[in-house]
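The next block holds one structure in the form of structure tokens; read it before the comments.
One-based numbering along the sequence shown.
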Amino acid sequence: MTSFASLKREWLANPRADILAGIVVALALIPEAIGFSIIAGVDPRVGLYASFSIAVITALVGGRPGMISAATAAIAVLVLPLIRDHGVEYLFAATILMGVIQVIAGFLRLDMLMQYVSRSVITGFVNALAILIFIAQLPQLTGVTWVTYAMVAGGLAIIYLFPRITKAVPSPLVAIVILTIISIYGGMNVNTVGDMGKLPSSLPAFLIPNVPFTLETLQIILPFSLTMAAVGLLESMMTAQIVDDLTDTGSDKRREMKGQGIANFATGFLGGMGGCAMIGQSVINVKSGGSTRLSTFVSGVFLLFLIVVLGPLVAQIPMPSLVAVMIMVSIGTFSWRSIKDLRTNPWQSSVVMVATVVIVVWTHDLAQGVLAGVILSGLFFASKVKRLFTVASELSVDGKARTYRVAGQVFFASSDNFTSAFDYKEVLDRVVIDVSDAHFWDISAIGTLDKAILKFRREGTAVEVIGLNDASASMVERYAIHDKPGADAQLGAH
């Protein structure tokens, strides 16, 4: 009973909306897949077959229902040197190994790393991607006739106004159909999907990459596979989080990692390039009503049907209609509220968000931007926690003993403050370091405590540490040297 309920929820919750959304996504995937193939320097069928394979397989085994995965620019850019130097067969081999690495990452629970990505980084990632989606449409809007601009404007008008009439059919699909009819029967002089590249006319076939099965081959493809796997998982985890927020539902990130790996592993045997989740197409899917695995499955199957069976018709779809859809995605993806929040959010959060956007847009590399954002978030957090650290002291009535009361977090960033908080030259018989309100986090903190105690001993002052909580006491017991035999012999080293 439970399995049937789960099947209905993940596949058949709203089949009509999911099927129509999948069709819209399939149409939007075609120029993207062809474009990514061109970026990578391979035949268009490599990107198209990959998009079909990855979409269908992640629909079956992925962890985020309703998310669209396919061939992506992030992966295409990475494999260009591999294809240039060694050929497309090495790309297929690298894609297979990429899948293996991602499955291993799933078993190692590397999805837990997403806990260290702050909301500011995710917002910056989303905004940067929205800008990149818009920038990617500019080649279709430069050096063209006024007809192209008129069709794009018309497409946007249909997309935004048609839902006021009815939401039974996704407005992007209506825009594509209407503009295609106008283009074909009106003889409009605009770029079409067929101008992007030749569409394949046959089904993908199973093949084993034609590469030597040697250690040398592994040495060639491993660096590329590791990079592809890391970038693919990063983009997929970020996109899954965004779809979670859009749909107010959770997802199994660990299963998604494994699903991405299985999809890429299989795609390499079908003559496809590696891929990952696509935020643009995922947003199209959600906004068109797609929310289950069925929409993702339909997008992949219908994509193959379009290029193999309806290829001649698909080739006549005007690019302005798809540009209009992608501009809609760009506008809908961008977090406009984040601009207003720049004035009210903590300046550190705003810096992280803006830095993520700038680096992603500047480098066209999502991984670099997210990494920079995570590092900045970590630095700002460490700085904030460091400022919460305080030390107060009180001299005894007889003037022979002083009690230092330490409060806050003692770790690598606050260790210098801890060491400098004590007056080692003060003539005392005894010093008490009360850490009841403090916590020692790492070996740097324990080393700092050792350093302070041994400095006092060097001046002939007895030291007592009181108030260690259980976790801190455990760290001290394992790593401290001040309470171990021979500690005094190390005074010179400190």
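Enclosure of atom OH in Tyr185 is not indicated, since only 12 or fewer non-hydrogen atoms of other residues, nucleotides or ligands lie within 6.0 angstrom. Open room surrounds CZ on Phe107; 12 or fewer heavy atoms of other groups in view lie less than 6.0 Å from it. With a 6.0 Å radius and a threshold of 12 heavy atoms from other residues, nucleotides or ligands, Lys258 has its NZ atom above the threshold. Enclosure of atom CZ in Phe162 by more than 12 non-hydrogen atoms of other residues, nucleotides or ligands within 6.0 angstrom is indicated. By the 6.0 Å contact criterion, CG on Leu60 is enclosed, its count of non-hydrogen atoms from other residues, nucleotides or ligands being greater than 12. With a 6.0 Å radius and a threshold of 12 heavy atoms from other residues, nucleotides or ligands, Tyr160 has its OH atom above the threshold.
Remark: the backbone N or O of Phe412 is paired with a side-chain donor or acceptor of Asp442 at under 3.5 angstrom. Under a 3.5 Å cut-off, the side chain of Ser288 and the backbone N or O of Gly290 do not form any donor-acceptor pair. Arg255 places a side-chain N or O within donor-acceptor distance of the main-chain N or O of Gly62, the cut-off being under 3.5 Å. Judged purely by atom type and a 3.5 angstrom limit, Ser53 has no side-chain atom pairing as donor or acceptor with the backbone of Ala50. Between the side chain of Ser236 and the main chain of Ala277, a donor-acceptor pair closer than 3.5 Å is present. Looking only at distances, no side-chain donor or acceptor of Ser69 sits under 3.5 Å from a matching main-chain atom of Ile54. One N or O on the side chain of Ser51 and one on the backbone of Gly47 form a donor-acceptor pair closer than 3.5 Å. In this structure, the side chain of Thr267 does not engage the main chain of Gly274 through any donor-acceptor pair within 3.5 Å. Between the side chain of Trp347 and the main chain of Leu342, no donor-acceptor pair closer than 3.5 Å is present. Checked by atom type and distance alone, the side chain of Ser225 pairs as donor or acceptor with a backbone atom of Ala94 at under 3.5 Å.
A salt bridge links Asp245 to Arg119: at least one charged side-chain nitrogen sits closer than 4.0 Å to a carboxylate oxygen. Here Arg293 pairs with Glu10 in a salt bridge; the nearest charged N to carboxylate O distance falls below 4.0 Å. A salt bridge links Asp43 with Arg45: at least one charged nitrogen is closer than 4.0 Å to a carboxylate oxygen.
Partner of Asn285 under the side chain to side chain contact (heavy atoms under 4.5 Å, CB included) criterion, chosen from Ser291, Pro170, Ser295: Ser295. Considering Met278, Gln281, Met273 as possible partners of Thr72, the one that fulfils the side chain to side chain contact (heavy atoms under 4.5 Å, CB included) test is Met278.
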Ser350 and Asn345: CA distance, side-chain angles, deciding distance, side chain to side chain donor-acceptor pair (under 3.5 Å) verdict: CA-CA 7 Å; Ser350 298; Asn345 283 348; 5.0 Å; no
Determine, stepwise, if the pair Asp111 / Arg109 fulfils salt bridge (Lys or Arg N to Asp or Glu O under 4.0 Å). CA-CA 5 Å; Asp111 58 294; Arg109 295 305 307 269; 3.2 Å; yes
Where do Ser118 and Ser120 land on the side chain to side chain donor-acceptor pair (under 3.5 Å) test, with the steps shown first? CA-CA 5 Å; Ser118 69; Ser120 298; 4.5 Å; no
CA sep, side-chain torsions, deciding dist, call: Val144, Tyr149, side-chain contact (heavy atoms from CB on, under 4.5 Å): CA-CA 8 Å; Val144 295; Tyr149 298 111; 3.9 Å; yes
Would Glu256 and Asp252 count as a side-chain contact (heavy atoms from CB on, under 4.5 Å) if you check the C-alpha gap in whole Å, the side-chain angles of each, and the deciding distance to 0.1 Å? CA-CA 6 Å; Glu256 185 59 45; Asp252 188 339; over 6 Å; no
Given Asp18 and Thr292, is the side chain to side chain donor-acceptor pair (under 3.5 Å) satisfied, shown in steps? CA-CA 7 Å; Asp18 284 316; Thr292 71; 2.8 Å; yes
Please report the C-alpha distance between Phe302 and Phe305 in whole Å, then the side-chain angles of each, then the deciding distance to 0.1 Å, and finally whether the ring-ring contact (aromatic ring centres under 6.0 Å, His included) criterion is met. CA-CA 5 Å; Phe302 195 70; Phe305 175 76; 5.8 Å; yes
Evaluate the criterion side chain to side chain donor-acceptor pair (under 3.5 Å) for residue pair Lys253 and Ser251; output intermediate values, then yes/no. CA-CA 6 Å; Lys253 306 297 190 302; Ser251 60; 3.0 Å; yes
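The distance from the OG1 atom of Thr58 to the CD1 atom of Ile262 is 10.5 Å, given to the nearest 0.5 Å. Note that the CG atom of Leu78 and the CG atom of Leu82 stand 10.5 Å from one another [nearest 0.5 Å]. Going from atom CD1 of Ile176 over to atom CG of Leu322 covers 5.0 Å, rounded to the nearest 0.5 Å. Between atom CG of residue Asp195 and atom CD of residue Gln140 there is a gap of 8.5 Å, rounded to the nearest 0.5 Å. Distance check: Ile158 CD1 to Leu173 CG gives 11.0 Å after rounding to the nearest 0.5 Å. Separation of atoms OG (Ser335) and CD1 (Ile242) is listed at 10.5 Å; rounding is to 0.5 Å.
Residues Pro204 and Phe52 form a side-chain contact, since some pair of their non-hydrogen atoms from C-beta on lies under 4.5 Å apart. Annotation: side chain of Ile75 is in contact with side chain of Met98 (closest heavy-atom distance under 4.5 Å). For the pair Phe224 and Leu91, the minimum side-chain heavy-atom distance is 4.5 Å or more. For the pair Pro209/Ile96, a side-chain contact is recorded, criterion being any heavy-atom separation below 4.5 Å from C-beta on. Side-chain contact between Leu110 and Met257 is present, with heavy atoms from C-beta onward closer than 4.5 Å. In this structure, Ile279 and Met67 have side chains that are not in contact, with every pair of non-hydrogen atoms separated by 4.5 Å or more. Side-chain contact between Gln102 and Met228 is absent, with no heavy-atom pair separated by less than 4.5 Å. Put simply, the side chain of Gln316 does not reach to within 4.5 Å of the side chain of Val193, judged on heavy atoms.
Residue Ile159 comes nearest to Met328 through the heavy atom pair CG2-CG, 3.5 Å, listed as atom of the first residue, atom of the second, then distance. Scanning all heavy atoms of the two residues, the minimum distance from Pro320 to Val190 falls at CG-CB, 4.1 Å. Nearest heavy atoms, Pro15 versus Leu294: CA-CD2, 3.7 Å. Minimum heavy-atom separation, Leu233 to Ala105: CD1-CB, 3.7 Å. Heavy atoms only, all atoms of each residue included: Thr356 and Gly369 are closest at CG2-O, 3.7 Å. Minimum interatomic distance between Gly373 and Val352 (heavy atoms only, all atoms of both residues): O-CG1, 3.7 Å.
Between Tyr90 and His86, the ring planes lie tilted relative to each other; the angle falls in the 30° to 60° range. By the 30° and 60° cut-offs, the orientation of the rings of Trp11 relative to Phe297 is perpendicular.
Checked by atom type, the side-chain pair Thr95/Asn264 shows no donor-acceptor distance below 3.5 Å. Counted by atom type alone, Asn127 and Ser338 present one or more donor-acceptor pairs between their side chains at under 3.5 Å. Checked by atom type, the side-chain pair Thr214/Thr217 shows a donor-acceptor distance below 3.5 Å.
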